[in-house]
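Below, chain A is the first sequence line, B the second, and so on; all start at residue 1. Values below: all heavy atoms of this structure, side chains included; hydrogens, waters and symmetry mates excluded.
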Amino acid sequence: MNAPHERDKTDDQGRLRPGESDASGATSARNLNFIEQIIEDDLKSNKWQGRVQTRFPPEPNGYLHIGHAKSICLNFGLAARYGGQCNLRFDDTNPTKEEDEYVTSIQEDVRWLGFDWEDRIYYASDYFPQLYAWAVQLIKQGQAYVCDLTAEETRAYRGTLTEPGRNSPYRDRSVKENLDLFERMRAGEFADGQRTLRAKIDMASPNLNLRDPVMYRILHATHHRTGDQWCIYPMYDFTHGQSDSIERITHSICTLEFENHRPLYDWYCNALGIYHPQQIEFARLNLTYTVMSKRKLLTLVKEGRVSGWDDPRMPTIRGLRRRGYTPEAIRSFCDRIGVAKFNSTIDMAVLENALREDLNRRAPRALAVLRPLKVVLENYPEDQVEEMEAVNNPEDPSAGTRQLPFSREIYIEQDDFREDPPSKFFRLAPGREVRLRAAYIIKCVGVVKDDQGQIVELRCTYDPESRSGTPAANRKVKGTLHWVSAPHAFRAEVRLFDHLFKVMDPDDVPAGADWHANLNPDSLETLPACCLEPRLADAQPGEHFQFERLGYFTVDPVDSRPGHPVFNRSVSLRDTWAKIEKQG
RNA sequence: UGGCCCCUAGUGUAACGGCAGCACGACUGACUCUGGAUCAGUUAGUCAAGGUUCGAAUCCUUGGGGGCCAGCCA
């Protein structure tokens, strides 16, 4: 699916319109990924009576990141494509880690990405009574028992990867005793960890998940939703499949590490004799130059390596959003990376390119000088100010034009001048001519230096005949520079970001070191007083601009104040010159 | 040295026993009042070996490489 196609299906907020799907249905021409193939096969065989029901099941114990976005786009996208539904379900079975703050933020992020679960927001914790009843059922069927082994003993009895486990001495308790004990577990008679409820499967199974897995553990903890109603909590494995079952999920899509759990997922559904969804696993997203694990992300926040979960360098949805990523760009990215079972790492350049592609067609252009070098136009009248007309967006004629004040003193980028220009340097140098974007052609006639020999000012002349828009302006000039009129410049802070890590794979470290060694100390550069064209003073939080020749910038929604916007560089423009220069 | 899963250009991802294609990257060139954008082109691949077959990236076997699993986490 290409980007314009996707744009057609979104509303003003960039959301997918209800009922719109990304393809016309089961007979799309587009190549199918392996999950779409499964779904289309199921549709043909009528396995689920034509239904497609998916779900996005986050645990509310952290903020969502770009990896979650892949799953969100997959699950909601599949539902949209095949005329089905996608539920939002919080997998909240561990009260010690989960918080309401996260359930709120997760909803915001999913909605911001452009997806709508309508009224289908569910919580695994709402299923606790049913789950309890199902546990009792398995006890009665002789397929579950209360075990008194400690955590350490349980581990010892489990065996190893290569050796079978041993049966728990409590494995053959009577149904009556198990029922009684389980009831008392629930009633709070026992301390944390004192007993568990376990499924009676096979302690010799080569799949460790089947060696009598724990179904319930005792946890005297306050749950974010059920409070102190329960002191026993079901494990993931005893919750997820049944939750899917309750919600009549057809395709339960999860990441690869749950592959080994699928036999257990199937075992519970079969033993309980309930509706049985199909679990399908795909490879989670990895990106170069960043980390994706919640643990490492949390470490970065806690150690103050970043300013928070929404630091623009973070791969979190909130970080990307604050940096200036759009929902469209993220969705487009998720479309193009594909879905497979191979553990892969996507080049960060793919993400960046998705943003450029989106912002190129919608971001208004502006002139901004990040590292100013003063230029005095010796032949320009002292107090004259002219208004120059500039195109707002060459990709979008409807964006119109704007006026730019021009005067005798202007700023250009320090990088745009070289006293001793290398070959292929098309910019300004002594004796050279260059065009000022939407203004005049100027020529450098002098260089002013301070005591240390640093260039502090350029003396130039302008060609009065070369004003943009007039016929005489059409002379061939090698380079075009951006500029800002010095007396009219609006001073503002601009932040430049680089990769959080210096190397593609942060975990690739020399012996003895850990991933911290790969942190990029220069990932944030703050330029406190850049010179921007005047209208940028009114830029609103979240607004995107292209600073011509520099990149796409977005007004920081956290640190900006009215009249004092702070700009984040969302992504740089492709820079051919930088490439040439790097090659030497 | 148990079990399960995976392996296609640099990175990703298609090809459903029948011409190995696409995207990103890289490199050329054209165009350009953004060294942006756009356009055109080049580059480069089926992990290996056997087998089945008229024909194998695809099916089978063996080998190689990688991932996951020994939480009362999800």
Picking from B:G36, B:A74, B:G35, which would you name as closest to the side chain of A:Asn360? B:G36

Using atom C1' in both nucleotides, what's the gap between B:C59 and B:U52 to the nearest angstrom? 8 Å

Whether the side chain of A:Glu259 and the base of B:G67 hold a donor-acceptor pair under 3.5 Å is what I'd like checked. no

Distance check: side-chain N/O of A:Arg435 vs OP1/OP2 of B:U34, anything under 4.0 Å? no

Can you find a side-chain donor-acceptor pair between A:Arg284 and A:His68 that sits under 3.5 Å? no

So, does the side chain of A:Arg427 form a donor-acceptor pair with the base of B:G35 at under 3.5 Å? yes

Which part of the nucleic acid does A:Arg195 contact within heavy-atom distance under 4.0 Å: base, sugar-phosphate only, or nothing? nothing

Are A:Thr96 and A:Asn94 linked by a side-chain donor-acceptor pair shorter than 3.5 Å? yes

Would the base of B:U34 count as contacting A:Gln546 through its side chain, where contact means a donor and an acceptor less than 3.5 Å apart? yes

Between B:G10 and B:U46, how far apart are the two P atoms, rounded to whole Å? 9 Å

Please give the distance between the P atoms of B:A30 and B:C68 as a whole number of Å. 49 Å

What do you reckon, do A:Tyr236 and the base of B:A74 stack, with centroid distance below 5.5 Å and planes below 30°? no

Taking atom C1' in both B:G18 and B:C24, compute the distance separating them and give it to the nearest angstrom. 30 Å

What integer number of Å spans the P atoms of B:G55 and B:G66? 34 Å

Between B:A23 and B:G63, how many Å separate the two P atoms, rounded to a whole number? 40 Å

Within the modelled atom types, does a donor on one side and an acceptor on the other bring the side chain of A:Arg365 and the base of B:U34 under 3.5 Å apart? yes

Determine the interatomic distance between P on B:U42 and the same-named atom on B:C22; round to the nearest Å. 11 Å

Mind checking the C1' distance from B:G45 to B:U61? Whole angstroms is fine. 25 Å

On a plain distance test, is the side chain of A:Asn260 in donor-acceptor contact with the base of B:C68 below 3.5 Å? yes

Can you tell which of B:A70, B:U13, B:U34 lies closest to the side chain of A:Glu548? B:U34

